[in-house]
Amino acid sequence: MKRTFLIINLVLCMLVSLNASAKKQTEKVNAQAFELLDLDRPGLETVKAMYKKGKMDKAADALLNYYRQRTGIVDPDINLNNIKVSKRERQWADDALEHTFYVHDGYQPAYNYGKDINWKFWPVKDNELRWQLHRHKWFTPMGKVYRETKDEKYAIEWKEEYLDWIKKNPLVEVTHDQFEMKDNESLKADIENARFAWRPLEISHRIQDQIHQFTLFVQSPNFTPAFLTEFIVNYYKHGDFIMHHYSKQGNHLLFEAQRMFFAGTFFPEFKQATEWKQSGIDILNREIKKQVFDDGVQYELDPHYHLACINIFMRALIVANANNNMNAIPQSYKDTMEKMIVFYYNICFPDYTNPCFSDAKQGDAKSEQRNYREWSKIFPKNEAIKWFATNGKKGTRPQNLSKAFLNGGFFTFRNGWNLSSTVMVVKAGPKGEWHAQPDNGTFDLWMNGKNLFPDSGSYIYAGGKEVQKQRDWFRSTPQHNTLTLDDKNLESTQSTTLLWQPEGDVQTLVTENQSYKQLKHRRTVFFVDQKYFVFVDEASGDATGKLNLHYLLTDGDTNMDAANGIIRTNYKPGSNVMIQCFGSQKLDLTQQEGFYSLAYRKKTARPNFVFSTDKKDAQTVRFVTVIFPDKEVSSVKASAKIVSASDKAMKVEVEINGAKKLLEWNL
């Protein structure tokens, strides 16, 4: 039986080899590849000689041989001596053999794109689904499985899909405005397709990942000399396009620059390699000063994209270090990165998750600890980063508790760093870039292992009318823990910090935002005895209409006492909260529909409690809210009243279960 199996396996290998040999004979060398390379580089002497003699096949043979034997150039993401393939990656690789392509976590099970691949297939009019198809996320897993199994079917299929994509996705000129259009109906076929296939961000993904694929597949007999020339021409087209079409700003620009630095570093044989590399690192060095505030906050005011930007800057460091090019990275660059990490761990909860402000996703402990381990290699002297990297086994926890980032407008009230701690993160800063939302004054509150007030998140990005409608709903101001006028979105998000006092028994934050043309919202947050919170929301100005103060809890059982303005949660013992609101005039308490989204296209229903009153004139209207988190809150009794209030000072008296406290600030 064993002998029969060996014979069958030998025959199959011979058939694969014969098939590869036959294809090699029918493939045509793309002579343009040699025009793109600096053939005077050491090691390319034979390539140059054969090319000059017009012997393109032999030149291509010599070029492939050069790449298979090349040393001194490192892809730091691929260790050929220790290939690790996750269960998910194996599934993506196997599904791709049948043209079922993993594109997006939000669309599972994955779609099949047909025997004759339809790269324009768009089953749901979500732009992300169309864009991310062209990132070819399954290609690198196919390479990993190939290296692990040496099964040529993965190499054959990858190569065929790679060439099929080139054939069916021609590069045509697309303007910046066309890339950003939400309506596709007015665009002609090639432009309509190219705005997805050739958007600079997607190109940069391919530029990076094709380095991994090259590393994994280059030794395959199906990676033929002729195919190498097609790969080179296509790769050059990608790099050259980005050089002339960098995104204008934001994380897209950072991704593109970092990947161009990688491209120029990994393929120094291109005539333009030095220009690519220098362009990438110049942009990163420029943008890290422009996009990151002095306090370390990335200007999109989004924890998820902030994290992505840390890792973009980190990738450049890792590539430079692996290829002996650290002189391209100034010390100021690394100092700013360290500030960004300090900001990130200060706004995260003890389980490593982050608030889903703006378009952020929640993250998870395993992934974040992996990030901290990478960061700790670059910053080995930072004991706090080491503490997070080892889940507290090494290093030292951060010395601070409550912390403010005044440039970015993030404030954390914290009584500890362990899972039983109470942590509130408030977002009230400047106008953010594209990913930011009209949510100034909003907050998340974690207590004893549970996020009691998770941000609504974003749910979905851009696309057709139905997709945009869903996105707009989650982004809207009434879906955040803040004050609205007639449930309209904020007209301005430019908060000013009037006071930050993070020490003592009563810690205080006072911020102010001109939310609407005729309505200013001032929010005071008192953190009392490192135990509970008192909010004072003041609406001043000439505006009239319905003032709505929103509090959106997580999902679970709640009890609303509308007559007394009280909300109590009935979650399982350990993490609950009591909310009671008092007004300078009569308040109504109602419940509206609410959802929160921690991951793309995943949402959970939850209540949106609203305290409302009419603003009839220019008189300032004030709300005082007691937010009391505890393991069990059914017996908590509270009262609060404003003793005095002016533009420069405030006194509030609070009583919790018979114990009175005077809270005050003076500017």
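Just so it is clear, the structure is predicted and the values come from calculations on it, not from any experiment. Reckoned from all heavy atoms, side chains included, excluding hydrogens, waters and symmetry mates.
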Quick one: are F379 and M337 in side-chain contact, heavy atoms under 4.5 Å? yes
Donor-acceptor contact present, side-chain S220 to main-chain N222, <3.5 Å: yes
Is there a side-chain contact between K153 and I156 in this structure, where contact means two heavy atoms from C-beta onward sitting under 4.5 Å apart? no
With the side chain counted from C-beta on, respond yes when N354 and Y344 share a heavy-atom pair under 4.5 Å apart, and no when they do not. yes
Output yes when K48 and E45 qualify as a salt bridge under the 4.0 Å nitrogen-oxygen rule, no when they do not. no
Side chain of D240, backbone of Y236: donor and acceptor closer than 3.5 Å? no
When you measure from the side chain of Y600 to the backbone N and O of Y461, does any donor-acceptor pair fall under 3.5 Å? yes
Where I78 and T215 come nearest, the two heavy atoms and their spacing: CG2-CG2, 3.9 Å
Verify salt bridge (Lys or Arg N to Asp or Glu O under 4.0 Å) between K377 and E374, making sure each step is shown before the conclusion. CA-CA 5 Å; K377 293 175 186 176; E374 287 293 326; 3.4 Å; yes
Smallest heavy-atom separation, F405 atom then V342 atom, equals CZ-O, 4.2 Å
Keeping K361 on the side-chain end and A599 on the backbone end, is there a donor-acceptor pair under 3.5 Å? no
Taking the basic N atoms (NZ, or NE/NH1/NH2) and the acidic carboxylate oxygens, is any pair closer than 4.0 Å for E148 and R90? yes
Donor-acceptor contact present, side-chain T229 to main-chain A226, <3.5 Å: yes
Side chain to side chain, I288 and F313, heavy atoms closer than 4.5 Å: yes
Using ring centroids (six-membered ring only for Trp), state whether F217 and Y154 fall under 6.0 Å. no
Do L307 and M340 come within less than 4.5 Å of each other through their side chains, counting heavy atoms only? no
Answer yes when E368 and R373 have at least one side-chain N-carboxylate O distance shorter than 4.0 Å, and no when they do not. no
Please confirm whether the backbone N or O of V319 pairs with a side-chain atom of N323, one donor and one acceptor, at under 3.5 Å? yes
Please confirm whether the ring centroid of F223 lies under 6.0 Å from the ring centroid of F214. yes
Determine whether R147 and L80 make a side-chain contact, defined as any pair of heavy atoms from C-beta on separated by less than 4.5 Å. yes
Any carboxylate oxygen within less than 4.0 angstrom of a Lys/Arg side-chain nitrogen, looking at D209 and R259? no
Tell me, do P268 and R70 make a side-chain contact under 4.5 Å, heavy atoms counted? yes
Using a strict 4.0 Å threshold on nitrogen-to-oxygen distance, state whether R130 and E192 make a salt bridge. yes
Quick one: does any side-chain atom of T149 pair with a main-chain N or O of D151 as donor and acceptor, under 3.5 Å? yes
Y305-H435 aromatic ring centre distance below 6.0 Å: yes
Quick check: W122 with F196 (ring centres under 6.0 Å apart)? yes
Answer yes or no: is there a donor N or O on one side and an acceptor on the other, between the side chain of Y299 and the main chain of G250, under 3.5 Å? yes
Taking the six-membered ring for Trp and the single ring otherwise, decide whether the centroids of W198 and H134 are under 6.0 Å apart. no
Between H306 and F343, does the ring centroid distance fall short of 6.0 Å? yes
Just checking F267 against Y235, ring centres under 6.0 Å apart? yes
D105/K137 under salt bridge (Lys or Arg N to Asp or Glu O under 4.0 Å): CA gap, chis, key distance, verdict: CA-CA 11 Å; D105 272 342; K137 297 177 186 177; over 6 Å; no
Looking at D126 and R601, is there a salt bridge between them, counting it only when a charged N and a carboxylate O are closer than 4.0 Å? no
If we ignore angles and hydrogens, is there a donor and acceptor under 3.5 Å between the side chains of Q362 and H304? no
Charged N to carboxylate O under 4.0 angstrom, K115 versus E98? no
Please name the residue in the list W119, W158, Y162, F101 that meets the ring-ring contact (aromatic ring centres under 6.0 Å, His included) test with H136. W119
Should F388 and Y352 count as side-chain neighbours, where that means a heavy-atom distance under 4.5 Å? yes
So CD of E300 and CG of N251: to nearest 0.5 Å the spacing works out to 4.5 Å
Listed pairs under 3.5 Å, donor-acceptor, residues 30-38 side chains, sequence neighbours left out:
unit_1: N30; atom_1: OD1; unit_2: Q32; atom_2: N; d: 3.1
unit_1: N30; atom_1: ND2; unit_2: E230; atom_2: OE1; d: 3.4
unit_1: D38; atom_1: OD1; unit_2: D40; atom_2: N; d: 3.1

Is any side-chain N of the basic residue among R370 and D364 closer than 4.0 Å to the acidic one's carboxylate O? no
Please walk me through it: do W375 and E338 pass side chain to side chain donor-acceptor pair (under 3.5 Å)? CA-CA 9 Å; W375 300 340; E338 191 168 12; over 6 Å; no
